[in-house]
Amino acid sequence: MEIERKWMVKDWPQDREPVKTYKMRQGYVCTDPTVRIREEAESGGKTEYVLCFKSHGSDHGLVRQEIEILVEEEKFRELEQLIGIPLIEKEQRVYALKDGLLLEVNDVDRGMPTHYMYAEIEYLTAWEAKTWRPDEDGLAEYLCDDVTSQPGQTMAAYWNLTRLNSGTVQE
C-alpha cells in the first residue's frame, strides 16, 4: 500500500542536507492502470531496476495499492525498448524528518520546457498522512502547495501530457 501526500515546490529545501540522492529514469507501459518501469541509481551506491503496478487512488488520491518488483537490467532495457520513447529523467533528494518520515524532493526533466519540481512524503497510515502538518518540521512555507487530491498531478499524467499527447518529448 502506498499512502503519500504531494506538494509542488520551486527548489530544494534550504538548510537541510539530503540523506540520499538518486538519478532516476522512468517510463510507462500504460497509465490506466499504471504500469511503470524505473531505473534508480543511488549516488555512490547501487542501481536498481523496478517494475511497478499502481491502482487508482482512493481517499482523495491519498491511498493506492502499489506492487514493486525488482527486475534485471536486461529486462528493464527490453521494457524501455518496448515503450519506445524517451523516459522521464528525475533527480531525487531524500531528507530525514521527525518521527522517521522522509521528504522526497524530485526535479523532473530539468532543462526542458515542462520542467518542474515536487515533493512527497509517504506515511504508514492514512490518519498519519491526514494529520501531519508541514510546520511540525519547519516546512510550512516550503510545503504550502498541497496537490495530493488534485486530478492530473501524478507522474503518469505528466507522462501522458509530455510523451504521449505531444507525440514526442518536447525539448
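- In this structure, Met155 is a member of the same hydrophobic cluster as Ile85, with clusters built from ILVMFWY side-chain heavy atoms closer than 4.5 Å.
- Between Lys23 and the choices Gln92, Glu91, Glu39, Glu89, the side-chain hydrogen bond (donor to acceptor under 3.5 Å, both in side chains) rule is met once, by Glu91.
- Remark: the backbone N or O of Pro86 is paired with a side-chain donor or acceptor of Arg163 at under 3.5 angstrom.
- Rounded to the nearest 0.5 Å, atoms CG (Leu97) and CG (Leu139) are 6.0 Å apart.
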| Going through the checks in order, is the side chain to side chain contact (heavy atoms under 4.5 Å, CB included) test met by Tyr28 and Ile88? | CA-CA 9 Å; Tyr28 293 79; Ile88 296 167; 4.3 Å; yes
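- Between Glu122 and Leu102, the closest side-chain pair of non-hydrogen atoms is not below 4.5 Å.
- Ion pairing between Lys6 and Glu4 fails under the 4.0 Å rule for side-chain N and carboxylate O.
- Panel note: side chain Asp107, backbone Lys90; no donor-acceptor pair is recorded below 3.5 Å.
- Between the side chain of Thr31 and the main chain of Thr34, no donor-acceptor pair closer than 3.5 Å is present.
- Taking CD of Gln153 as the reference point, atom CD of Gln150 lies at 5.0 Å (rounded to 0.5 Å).
- Following chains of ILVMFWY side-chain contacts shorter than 4.5 Å, one cannot reach Val35 starting from Met24, and the two form parts of different hydrophobic clusters.
- Between Tyr95 and Pro18, the closest heavy-atom pair is CE2-N, 3.5 Å.
- The shortest heavy-atom contact between Ala157 and Gly152 is CB-O, 3.6 Å.
- Atom-to-atom distance recorded for Thr114:OG1 and Leu161:CG is 7.5 Å, nearest 0.5 angstrom.
- Between the side chain of Asp99 and the backbone N or O of Leu101 there is no donor-acceptor pair closer than 3.5 Å.
- Taking all atoms of both residues into account, the shortest heavy-atom contact from Gly27 to Leu87 is CA-CD2, 3.6 Å.
- Leu124 and Trp127 fall into different hydrophobic clusters, defined by Ile, Leu, Val, Met, Phe, Trp and Tyr side-chain heavy atoms under 4.5 Å apart, directly or through other members.
- In terms of modelled atom types and a separation under 3.5 Å, the side chain of Asp135 and the main chain of Ala140 share no donor-acceptor contact.
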| query | Could you walk me through whether Lys75 and Glu72 pass the salt bridge (charged side-chain N to carboxylate O under 4.0 Å, His left out) check? | reply | CA-CA 5 Å; Lys75 290 298 174 197; Glu72 297 295 322; over 6 Å; no
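- Taken together through direct or relayed side-chain contacts under 4.5 Å among Ile, Leu, Val, Met, Phe, Trp and Tyr, Tyr22 and Val50 form parts of separate hydrophobic clusters.
- Within the 4.5 Å cutoff, no side-chain heavy atoms of Ile37 are placed close to those of Val71.
- The residues Glu68 and Arg36 are annotated as salt-bridged, a charged nitrogen and a carboxylate oxygen being separated by less than 4.0 angstrom.
- In terms of heavy atoms, Met8 sits closest to Met117 at CE-O, 3.7 Å.
- Taking a cutoff of 4.0 Å between a charged side-chain nitrogen and a carboxylate oxygen, Glu136 and Lys98 do not qualify as a salt bridge.
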| task | Give the intermediate values and the outcome of side chain to side chain contact (heavy atoms under 4.5 Å, CB included) for residues Val94 and Val105. | result | CA-CA 6 Å; Val94 181; Val105 181; over 6 Å; no
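- Here Lys46 pairs with Glu48 in a salt bridge; the nearest charged N to carboxylate O distance falls below 4.0 Å.
- The pair Arg77-Glu74 does not meet the salt-bridge criterion, since no charged nitrogen lies less than 4.0 angstrom from a carboxylate oxygen.
- Between the CZ atom in Phe76 and the CZ atom in Arg38 there is a gap of 10.0 Å [rounded to 0.5 Å].
- Taking a cutoff of 4.0 Å between a charged side-chain nitrogen and a carboxylate oxygen, Arg25 and Glu80 qualify as a salt bridge.
- Taken to the nearest 0.5 Å, the NE2 atom of His56 stands 4.0 Å off from the CG atom of Asp32.
- With hydrogens and angles disregarded, no donor-acceptor distance shorter than 3.5 Å links the side chain of Ser43 to the backbone of Thr21.
- Two residues are said to be in side-chain contact when any heavy atoms from C-beta on lie closer than 4.5 Å; Asp137 and Arg16 meet this criterion.
- The side chain to side chain contact (heavy atoms under 4.5 Å, CB included) test with Tyr118 is passed by exactly one of Asp145, Val147, Val108: Val108.
- The structure places CH2 of Trp159 at 6.5 Å from CG of Leu164, a figure rounded to the nearest 0.5 Å.
- Not a single donor-acceptor pair under 3.5 Å links the side chain of Glu42 to the backbone N or O of Glu40.
- Ala119 and Val9 get closest at one heavy-atom pair: CB-CG1, 4.1 Å.
- Hydrophobic clustering, with ILVMFWY side chains joined whenever heavy atoms are under 4.5 angstrom apart, groups Tyr158 together with Ile83.
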| field | Verdict with reasoning, Gln65 to Lys54, per side chain to side chain contact (heavy atoms under 4.5 Å, CB included) | value | CA-CA 6 Å; Gln65 181 68 30; Lys54 290 188 179 193; over 6 Å; no
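- Shown here for Val63 and Ala126, the closest heavy-atom pair between the two residues is CG2-CB, 4.2 Å.
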| message | Walk me through whether Phe53 and Ile69 qualify under side chain to side chain contact (heavy atoms under 4.5 Å, CB included). | response | CA-CA 9 Å; Phe53 303 87; Ile69 302 167; 3.9 Å; yes
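- A donor-acceptor contact shorter than 3.5 Å links the side chain of Tyr142 to the backbone of Asp11.
- A cation-pi geometry, defined here as NZ or CZ lying under 6.0 Å from the six-membered ring centre and within 45° of its normal, does not hold between Arg5 and Trp132.
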